[in-house]
Visitor: 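Below you will find the structure I want to go over with you.
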Amino acid sequence: MEYTPRGIWSPDLDPPIVLGNLSKTEAERARYSRLMNALELDRRHREIAFQLTAINELPTEEADEIKPSTALSRALPPEKTILKSIFIDTATCEKECVHFVLLETAGTSTRTKLNIIFTTDDKSKQEKILLGAGITNTKIRDKQITVVTDAETTQQYREGFDFPFLIIQNDEGLTRRDISS
């Protein structure tokens with residue numbers, strides 16, 4: 001390895017990063033950047049899978065301790081106290097959008113009812129987005145996640161937010177956030 005300002009040893013750098021930094025051509029840099037991105041994406045998926053397992057291992061309160069106090073609480077399943085709705089424009093959802101959905105679904109607690117609302121009924125595009133975000137048919141089938149197409153509701157709640165955006169509702173109120181927040 002050539003001498004670099006860091007010396008000849010960089011213990012905190014992954015090999016593709018070092019090789020990419022030392023590349024002489026754009027083709028080499030592109031090759032190593034693809035490798036680095038693939039490794040990073042794999043690492044993130046494994047971390048999210050671990051987080052989901054850790055969340056499922058958290059102790060839960062007994063069902064009789066949950067006392068619905070508002071219309072929202074009464075409308076949710078007994079074990080749920082929060083409603084998180086993610087609104088997605090099916091036609092424009094690309095990598096950043098899928099990543100936003102991945103992070104928002106992975107960070108959802110077991111006390112949260114999760115809805116995903118698409119603008120159009122393009123099933124193949126919806127499936128690609130859901131799979132990219134780590135949402136399996138099992139979660140949908142087991143009603144852990146509800147997936148619907150409703151352009152009218154999406155436009156009603158959009159009000160200046162960029163797609164994708166989300167609304168979190170609980171007994172204390174409502175929070176809205178979009179991909180740029």
Side-chain angles (χ1 to χ4, degrees), residues 12-17 20 30-58 60 72 76-77 79-151 153-170 173-181:
D12 296 332
L13 296 178
D14 290 333
I17 294 173
R31 177 175 178 247
Y32 292 120
S33 68
R34 284 191 300 275
L35 284 170
M36 179 194 68
N37 288 337
L39 288 171
E40 179 66 17
L41 185 61
D42 178 61
R43 181 190 63 78
R44 287 181 183 180
H45 283 293
R46 286 183 284 112
E47 286 179 0
I48 289 169
F50 176 71
Q51 283 180 328
L52 292 173
T53 301
I55 288 169
N56 290 332
E57 294 296 319
L58 291 172
T60 58
L72 175 66
L76 292 172
E79 70 281 0
K80 307 293 184 183
T81 58
I82 301 168
L83 175 62
K84 181 188 275 189
S85 301
I86 302 175
F87 296 85
I88 303 168
D89 182 8
T90 317
T92 62
C93 188
E94 298 298 331
K95 286 181 183 178
E96 286 127 6
C97 167
V98 172
H99 184 71
F100 176 85
V101 176
L102 172 74
L103 293 176
E104 290 301 332
T105 55
T108 301
S109 77
T110 56
R111 314 285 269 139
T112 302
K113 170 70 175 116
L114 181 61
N115 292 336
I116 297 181
I117 300 103
F118 287 101
T119 55
T120 60
D121 200 21
D122 183 345
K123 295 294 184 196
S124 64
K125 181 75 172 174
Q126 287 180 5
E127 186 175 310
K128 182 180 175 185
I129 294 167
L130 294 172
L131 287 175
I135 299 168
T136 63
N137 285 332
T138 304
K139 290 180 181 178
I140 296 168
R141 201 173 24 253
D142 293 346
K143 300 194 186 306
Q144 295 174 8
I145 299 173
T146 303
V147 177
V148 297
T149 301
D150 190 342
T153 301
T154 302
Q155 288 305 323
Q156 174 187 349
Y157 286 107
R158 186 170 181 199
E159 294 181 23
F161 283 89
D162 294 328
F163 283 109
F165 66 93
L166 65 87
I167 296 176
I168 301 171
Q169 296 171 279
N170 59 24
L174 182 129
T175 304
R176 301 172 73 153
R177 188 169 69 242
D178 67 12
I179 195 166
S180 60
S181 302

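Nothing here was measured: the structure is a model prediction, and the numbers come from that model. Excluded from the calculations below are hydrogen atoms, water molecules and symmetry mates; all remaining heavy atoms, backbone and side chain alike, are included.
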Visitor: If you count heavy atoms of other groups shown closer than 6.0 angstrom to CZ of Arg31, is the number above 12?
Guide: no
Visitor: Heavy-atom count check: over 12 atoms from other residues, nucleotides or ligands less than 6.0 Å from Glu96 CD?
Guide: no
Visitor: Can you give me the closest heavy-atom contact between Val101 and Ala133, atom names plus distance?
Guide: CG1-CB, 3.6 Å
Visitor: Supply the atom-to-atom distance Thr110 OG1 to Leu52 CG, rounded to the nearest 0.5 angstrom.
Guide: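 Going from the OG1 atom of Thr110 to the CG atom of Leu52 covers 11.0 Å.
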Visitor: Atom CZ in Arg111, atom CD in Glu79: separation rounded to 0.5 Å?
Guide: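 So the gap between those two atoms works out to 8.5 Å.
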Visitor: When you compare the side chain of Thr90 with that of Thr149, does any pair of heavy atoms fall below 4.5 Å?
Guide: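 Sidechains of Thr90 and Thr149: no contact.
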Visitor: For Gln169 and Leu174, work out which heavy atoms get closest and say how close.
Guide: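 Nearest pair, atom of Gln169 first, then Leu174: CG-CD1, 3.5 Å.
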Visitor: State, yes or no, whether a side-chain contact exists between Gln126 and Asp121 at a heavy-atom distance under 4.5 Å.
Guide: yes
Visitor: Flag the pair Phe100 / Ile88 as yes when at least one side-chain heavy-atom distance between them is below 4.5 Å, and no otherwise.
Guide: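 Contact flag for Phe100/Ile88 side chains = no.
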Visitor: The test is side chain to side chain contact (heavy atoms under 4.5 Å, CB included); show your working for Lys113 and Thr146 and say whether it passes.
Guide: CA-CA 8 Å; Lys113 170 70 175 116; Thr146 303; 2.3 Å; yes
Visitor: Taking the side chain as every heavy atom from C-beta outward, state whether Leu76 and Thr81 have any atom pair closer than 4.5 Å.
Guide: no
Visitor: What I'd like to find out is whether the side chain of Arg46 reaches to under 4.5 Å of the side chain of Asp42, using heavy atoms alone.
Guide: yes
Visitor: If you compare all heavy atoms of Ile48 against all heavy atoms of Ala106, which two are closest, and at what distance to 0.1 Å?
Guide: CG2-CB, 3.3 Å
Visitor: Within the structure provided, determine whether Ile117 and Ser85 are in side-chain contact (heavy-atom separation under 4.5 Å).
Guide: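 Yes; the side chains approach each other to less than 4.5 Å.
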Visitor: Between CZ of Arg158 and CG of Asp178, what distance do you get to the nearest 0.5 Å?
Guide: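 Rounded to the nearest 0.5 Å, the CZ-CG separation comes to 9.0 Å.
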Visitor: Using 0.5 Å steps for rounding, measure from the CD1 atom of Ile116 to the CG atom of Leu130.
Guide: 5.5 Å
Visitor: Please round to the nearest 0.5 Å and tell me the distance separating atom CG of Asn115 and atom NZ of Lys84.
Guide: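 NZ of Lys84 is found 11.5 Å from CG of Asn115.
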Visitor: Are the side chains of Asp122 and Ser124 in contact, using a 4.5 Å heavy-atom criterion?
Guide: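 Heavy-atom side-chain distance check passes, below 4.5 Å.
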Visitor: Can we say Glu40 and Arg44 salt-bridge, meaning some charged N sits less than 4.0 Å from an Asp/Glu carboxylate O?
Guide: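 Result for this pair is yes, salt bridge flagged.
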Visitor: Measuring only between side-chain heavy atoms, which start at C-beta, is Gln51 closer than 4.5 Å to Glu47?
Guide: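 With C-beta onward as the side chain, the pair stays apart.
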Visitor: Rounded to the nearest 0.5 Å, how far apart are CG of Asn170 and CD1 of Ile82?
Guide: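 Separation between the atoms: 5.5 Å.
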Visitor: Give the intermediate values and the outcome of side chain to side chain contact (heavy atoms under 4.5 Å, CB included) for residues Thr105 and Ile86.
Guide: CA-CA 9 Å; Thr105 55; Ile86 302 175; 4.0 Å; yes
Visitor: Do you know which of Thr119, Asp150, Thr153, Leu166 makes side chain to side chain contact (heavy atoms under 4.5 Å, CB included) with Phe87?
Guide: Thr153
